[in-house]
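The shown structure was predicted, so the numbers you read here are calculated from the model rather than taken from an experiment.
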Amino acid sequence: MANQRPAMALVSALGMKRRDFLTSLLAAGSTFAFRDVLAAGGNGGAGDASAFPADIPLYNEDYENWTREITASNLLTCAPRTPADVVSITNWAADNNVRLRPRGMRHGWSPLTVVDGDHSAADMLLADTTQHLNRVELVTYAGIPAVRAEAGVLLEDLMEFLDQQGYGFTAITAVGAVTLGGVLAINGHGSAVPTPGEQGLPQQTYGSLSNRVLSMTAVVWDKGQKRYVLRTFDRSDPEISALLTHLGRSFITEVTMAVEPNHNLRCVSHVEIPASEMFGPPGAGGRSMESFLDSAGRIESIWYPYTDNPWLKVWSIAPTKPLLSREVTEPYNYPFSDNIPDEIVDLAQQMMNGNPQMAPEFGQLTYAVTVAGLAATAGYDLWGSAKNTLMFIKATTIRVHEGSYAVLTRRDQVQRVIHEFTTEYLRLQQAYRDEGKYPINMPIEYRVTGLDHAGDIGLPNAEAASLSALHPREDHPEWDVAVWLSMLTIPGTPDSFPFFKEMEDWMYANLNDDRAAMRPEWSKGWAYTDEAAWANPAILGDSIPQAHRAGRAKTNWDTAVKT
């Protein structure tokens with residue numbers, strides 16, 4: 001991958017009017033930059049437009065990911081209406097030496113679809129899956145309750161459909177405005193491990209959503225026909241391993257996934273626990289992350305920089321509404337994190353206008369807004385269906401760059417991993433501060449999940465997801481969880497890439513041994529140099545492939561690449 005230039009959407013805020021800066025700071029949803037239907041032959045030079053399927057309109061579109069760190073102008077785009085349309089455009093692309101990439105909501109960080117500044121409209125075609133490829137239905141697959149869905153359906157719409165039918169998933173992404181195809185491409189996940197007394201449901205998995213797949217339909221090359229065709233892969237087919245988490249390099253049109261009976265969750269927020277207690281050393285006792293993990297199994301901590309107390313959310317299974325809980329009937333119940341107050345916007349603008357030293361004040365303000373917002377919305381204690389309590393981030397929240405990793409380990413090592421990571425993070429943060437540098441101005445986040453054990457879904461001979469960050473290690477069967485560690489900052493913040501690089505180097509050196517192993521979270525930031533993300537040749541060429549080879553004989557990096 002080519003080096004990526006740092007995002008400049010917020011750096012260029014210098015001299016902007018406040019309204020323009022707010023527009024840059026917040027997400028723009030699914031608004032297209034422009035969408036000019038092309039005149040005959042006016043396809044920017046990408047292939048032979050006259051041979052393109054006549055009933056599928058072509059148009060040009062500017063590409064922009066959610067953080068605006070990856071942009072490209074004037075890319076040839078279409079919106080296939082059916083899986084058969086996808087096959088047609090794939091064969092056209094092959095005949096015309098054009099790269100085809102599926103395109104969802106673009107709510108991602110890493111350059112898996114488009115590389116920043118890629119102006120090669122002459123050899124790329126994007127297929128927008130969101131407009132038409134969004135059909136869903138309940139089915140039974142090998143006796144297992146399941147949902148069959150096309151890849152362009154939004155997760156929030158899929159969860160609403162399942163909720164109405166009395167079904168759901170154990171854990172889901174906090175963001176709902178993402179496509180199912182995009183979530184599966186990067187093995188999207190939530191935060192959940194079983195509690196000691198929890199009775200597991202049939203087909204329940206505490207890993208990523210990729211591990212719920214029973215079958216997949218993909219566009220593949222048929223040697224006999226010498227054309228691309230649709231082929232459906234059962235979970236027992238060895239070749240499905242590379243498709244379950246395919247990093248945007250395959251076109252999945254439809255997927256069948258195991259579902260489970262829906263359940264209600266209580267979500268209690270804590271903002272009164274000191275970070276020194278929550279992230280303290282293992283064995284110290286008190287209100288640690290480990291203690292909440294043992295009691296509830298579903299936790300997430302968000303710690304704003306330069307503040308004392310994190311925001312901890314703890315979900316627990318609650319069939320009936322607790323007396324003090326507020327019932328919620330829709331998702332996204334923290335409006336204060338999606339609708340940014342003027343004070344936060346003003347401070348963010350000052351930081352990006354040459355005053356990064358205001359990061360401590362910015363962190364303290366965002367924490368104060370969270371505390372006040374929870375109180376004002378009665379948000380400390382919520383109860384409702386899993387869909388309404390697990391999805392809580394809208395695309396309209398502050399755009400952030402996010403470096404993120406999964407650390408596989410034993411459950412009794414979770415507190416150690418969190419404590420050692422936090423200790424190094426604070427040490428490095430202070431070292432930069434001593435030099436007058438403030439590379440981090442947004443939170444760090446902690447989550448814990450189970451792993452992608454293929455046998456969870458109840459299908460005989462189910463294959464594992466080769467490139468899932470949650471693929472178990474055969475040489476360490478005792479490793480049963482992953483700790484997700486994410487570092488956030490506003491794109492374009494000075495000195496952020498060197499900071500991320502130093503933290504990443506430390507993690508590879510200290511969280512990658514006989515007690516733990518680290519892998520990148522595919523959708524986010526990794527492989528840092530001092531100038532860019534996704535650009536470190538040693539990590540791209542060695543560390544990441546080795547992370548998906550170590551301790552795995554059957555399905556690994558090499559088998560996925562071969563497939």
Side-chain angles (χ1 to χ4, degrees), residues 112 141-142 144 146 169-172 180-181 183-190 192-194 200 202-218 220 231-250 252 255-260 405-411 448-484 516-523 544-563:
L112 299 178
Y141 190 94
I144 297 172
F169 299 139
T170 302
I172 56 176
L180 178 60
V183 168
L184 296 176
I186 49 84
N187 74 282
H189 59 92
V193 298
Q203 288 77 54
Q204 187 168 27
T205 178
Y206 293 87
S208 76
L209 288 170
S210 292
N211 200 41
R212 289 197 162 272
V213 171
L214 300 169
S215 71
M216 272 182 161
T217 300
V220 301
R231 177 181 161 190
T232 298
F233 297 81
D234 180 79
R235 185 66 184 268
S236 62
D237 189 323
E239 290 188 311
I240 201 174
S241 295
L243 299 177
L244 293 168
T245 300
H246 59 76
L247 312 186
R249 286 304 185 265
S250 294
I252 305 299
V255 62
T256 301
M257 302 172 67
V259 298
E260 64 193 47
Y405 309 87
V407 179
L408 275 63
T409 191
R410 283 199 333 250
R411 185 160 170 167
V448 185
T449 67
L451 303 186
D452 280 347
H453 295 286
D456 288 348
I457 59 171
L459 276 183
N461 304 312
E463 294 287 337
S466 300
L467 297 180
S468 169
L470 297 176
H471 192 300
R473 282 274 294 263
E474 297 160 17
D475 59 337
H476 283 285
E478 74 279 12
W479 292 354
D480 53 355
V481 300
V483 183
W484 297 86
M518 190 181 88
R519 297 172 186 156
E521 183 170 7
W522 290 120
S523 65
I544 291 176
Q546 288 301 327
H548 287 274
R549 290 183 182 122
R552 293 164 48 183
K554 184 180 178 182
T555 55
N556 53 41
W557 179 271
D558 300 308
T559 62
V561 170
K562 182 178 179 181
T563 299

Taking [Y]'s backbone N and O only, do any of them form a donor-acceptor pair with [X]'s side chain (distance below 3.5 Å, no angle check)?
| X | Y | result |
| --- | --- | --- |
| R235 | V213 | yes |
| R473 | A550 | yes |
| W522 | L467 | yes |
| N556 | T559 | yes |
| T232 | T217 | no |
| R519 | H471 | yes |

- prompt: S466 and R552: side-chain donor and acceptor closer than 3.5 Å?
  reply: no

Provide the closest heavy-atom pair for [X] versus [Y] in the form atom of the first, atom of the second, distance.
| X | Y | value |
| --- | --- | --- |
| F169 | A258 | CE2-O, 3.4 Å |
| A146 | V259 | N-CG2, 3.8 Å |
| S215 | Y141 | CB-OH, 3.6 Å |
| E474 | P477 | O-CD, 3.6 Å |
| A469 | P520 | CB-O, 3.8 Å |
| A516 | W479 | N-CZ2, 3.3 Å |

field: For M257, the option from L184, I144, L214 that meets side chain to side chain contact (heavy atoms under 4.5 Å, CB included)
entry: L184

Could you grab the distance from atom [atom1] of [X] to atom [atom2] of [Y], nearest 0.5 Å is fine?
| X | Y | atom1 | atom2 | answer |
| --- | --- | --- | --- | --- |
| H246 | N187 | NE2 | CG | 11.0 Å |
| I240 | T563 | CD1 | OG1 | 11.5 Å |
| S210 | I186 | OG | CD1 | 7.5 Å |
| R549 | I544 | CZ | CD1 | 11.5 Å |
| M216 | I252 | CE | CD1 | 4.5 Å |
| E478 | R410 | CD | CZ | 6.5 Å |

- prompt: Given side chains that start at C-beta, do those of V407 and M518 come closer than 4.5 Å, heavy atoms only?
  reply: yes

field: side-chain contact (heavy atoms from CB on, under 4.5 Å) partners of P238, counting only residues at least two apart
entry: E463

message: What verdict does the side chain to side chain contact (heavy atoms under 4.5 Å, CB included) test give for R212 and V255, after you've listed the backbone C-alpha separation in whole Å, the side-chain angles of each residue and the deciding distance to 0.1 Å?
response: CA-CA 10 Å; R212 289 197 162 272; V255 62; over 6 Å; no

Could you pull out all donor-acceptor pairs under 3.5 Å where a side-chain atom in residues 449-462 meets a protein atom, sequence neighbours excluded?
residue	atom	partner	partner atom	Å
T449	OG1	W484	NE1	3.0
D452	OD1	S208	N	2.6
D452	OD1	S208	OG	3.3
D452	OD2	S208	OG	2.8
D452	OD2	S468	OG	2.6
D456	OD2	T205	OG1	3.0

